Amino acid sequence: VRAPIHLRRKGKVAFLELDTPGSHINILTPEAGAELIELLEAIDPAKTRIVVIRSRKHHSFINGVGLLYAASMRRETIAKNVAREVRRTFTAVGACRALTVAAVEGSCYGCGLELTLWCDHRVASDSFDTEFYLTEMEDYLFTPVFGALQRLAPLVGYEEAIELALWGKRIRAREAKAIGLVDRVLHHDRFDRELDEVLARLSTTKRSPPPAPARSIDSGVKARATARIRALPRELRPTYRTALALIERSIDRKRGGEQMEEAELDAFARTLTKPASAKAMSFFFVRETSGLVGTGGKMRSLPDRFVIAFGRGAAAARLRRIAEARPLTGVRIGDPAGADLVFGSGGDVEVQIAGAHRRGRIPATLPALFFPFEPEEERLCEIALPPNASLPPAGLAELLRLLGFVAIVTHPRGVFVIERFVSAFKAELRANPGAERALRALGFAPLSRLLAERPRRVRNRARRARKGARFGSLDATTSVLARLIAEALRCLAEGSLQHRAQADLLARELFGFPLHLGSLFQQLDERGGDALSDSILEILGPKEAEACRLLAVHGFVGERSEAR
Amino acid sequence: MARRARAARSPALDRRSLDEKVKGAIRIVAGIPAKRIKPSSTLIECEIDSLRVVELTLALERSLGAPVFLHDWISRANHPRELTVGSLTDYLALTFGVED
């Protein structure tokens, strides 16, 4: 079995290089954590001046601690004890007798970001895939446990700590430098050389890092955060209030470190074991399933060197602007070519791709990229494959992910699948204006960009209907959920989508399907046989027998539907 | 209820063939020899992490011909140590109505 961490020495610098075996990303597994502790405790300051923690993966520093552990701990005492044990790795970094440097290239998520907070210095690559993102609250609805709530605010201030820890703000290296999360930004093509220069300078300086600037709780920022928490669905508010309170404690510093650690562990155990968190964690598997289905069920990988070239169409020009604004390690932009985008590796063109934005014709023979919103601002992208292709060009989905997109691979029949979902959603809101308020109350998030595009008369009708809609009423949303599930089932029946996880992900990314409800199809599983099932069957009608057969295959066999 | 009903339409599946399907899926996904896959082996011991759980899900869905919700099983555990091959097979047997 390969070791998850490699020790490499260069003079008085020890490089601890993470390389999770058998994975395209780094996970701070308990084995890796134990090895890191062992290596750090063996550091002799007489022989080692600096310890650098970095990655051997191309695009991942650390992506997390392994959700399998978090998702399988339903008791507070167990969750707290396991977290306390894992935390030893982080405290070992903080207690290291040599200067510690986190050299970040690639995704720095969750506990990966927290690990950097225990280092004396942080440097980061300006490659676009070097992204700092605290996943805990935004993706899983539990509070961070390995130091973020204690250490972020003193480093980046109250407001940024809230943005990062509570609202899951994603930032790249330059912004991280601007707010004080990293000390230096290194050029992605000269990363090793510039890192050596940083290490040379640090080797002649004293151990202690510069004192953190004084931080305070801004009442305006607090009021905004409190108001935003109040607007969340009721069952989520305690988790967010807990996280906010811990950030504030870290600033007023009235309590000692040990008390803070206990409070962080308690909060984690309490929030992790809530039903909302269990539902949110289940979406991790949905998201990953959707990605795997689209790429043939194999782990994603990107060649070391990549070339992409852009054609002359408007969509191509737009894609080019995005790619130029988001430089990536190992990816070079080549000369213009005939199609909207030419995509290949090692300089050999492998495949041509068409691009489309908002509305577009699906090409007969080329894979097409479809962006439903402004691609500079939004994350969602559809890779629509022509009939003769079963999989997208190797690496394309991964490339788009590194460029910041959530890509869904489809086999559309005449219309982009995203367009179909948006049309179905809008049609239902037109027919049932009262649903809008109920959806918002349930936590559906980015509806505004879709709803703003509706004709004025429809918006006015929705406004008038608000008084009539019961707050948080599931009745008002049943019709919308039914419409989306029916459309998803049609897509599955005809093969436009290959797996229900893809529809779940579309519902999340397009309409902000709330994580604490799990996913679209989870709703169907949990409520099969009730009014939701009836609504779906009503929409599909008896003629769509094939789709109804799929209802059964895809987990929908409520008693009433079987009776029909 | 929905999953039990689905199982009722899979009468050909018995416990022994389910055992084989589970072991086969783990072997393919983890790339480890069959002798390492025992009922008491945990997923971690079988080198299956959270990302490979997703691969395992797809492998089981292909093998069983029906949706599989491993998160449902994972979230019933009280500790990662409880996520064993035997526990997974028990869960699937219950879900698909397979009798011993």
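Every chain is numbered from 1 and lettered A, B, ... according to where its sequence line falls, protein lines coming before strand lines. Since this is a predicted model, take the numbers as computed values, not measurements. For the numbers below, each heavy atom of this structure counts, side chains included, while hydrogens, waters and symmetry mates do not.
Counting heavy-atom pairs closer than 4.5 Å to chain B, the top-ranked of the candidates A/E31, A/M73, A/R74 is A/R74. Counting heavy-atom pairs closer than 4.5 Å to chain B, the top residue among A/V82, A/I78, A/T29, A/I27 is A/I78.
Side chain of B/E61 to backbone of B/V68: a donor-acceptor contact under 3.5 angstrom is found. Side chain of A/D504 to backbone of A/S519: no donor-acceptor contact under 3.5 angstrom is found. The closest donor-acceptor contact from the side chain of A/K274 to the backbone of A/E235 lies at 3.5 Å or more, if one exists at all. Within the 3.5 Å criterion, the main-chain N or O of A/V145 finds a donor-acceptor partner in the side chain of A/R87. Proximity of a side-chain donor or acceptor of B/S75 to a complementary backbone N or O of B/H71 within less than 3.5 Å is detected.
Looking at B/T57, there are no atoms closer than 4.5 Å to chain A (heavy atoms on both sides), in backbone or side chain. Proximity to chain A is limited to the backbone of B/I48, based on heavy atoms less than 4.5 angstrom apart.
The salt bridge (charged side-chain N to carboxylate O under 4.0 Å, His left out) with B/D19 is formed by just one residue from the set B/R16, B/R15, B/K21; it is B/R15.
Residues of residues 78-87 of chain B that come closer than 4.5 Å to chain A, counting heavy atoms only, are B/N78, B/H79, B/P80, B/L83, ordered by residue number.
Smallest separation of non-hydrogen atoms from A/L505 and A/R287: CD1-NH1, 3.7 Å. Taking both residues in full, the closest heavy atoms of A/Q522 and A/L517 are given as OE1-O, 3.7 Å, listed atom of the first, atom of the second, then distance.
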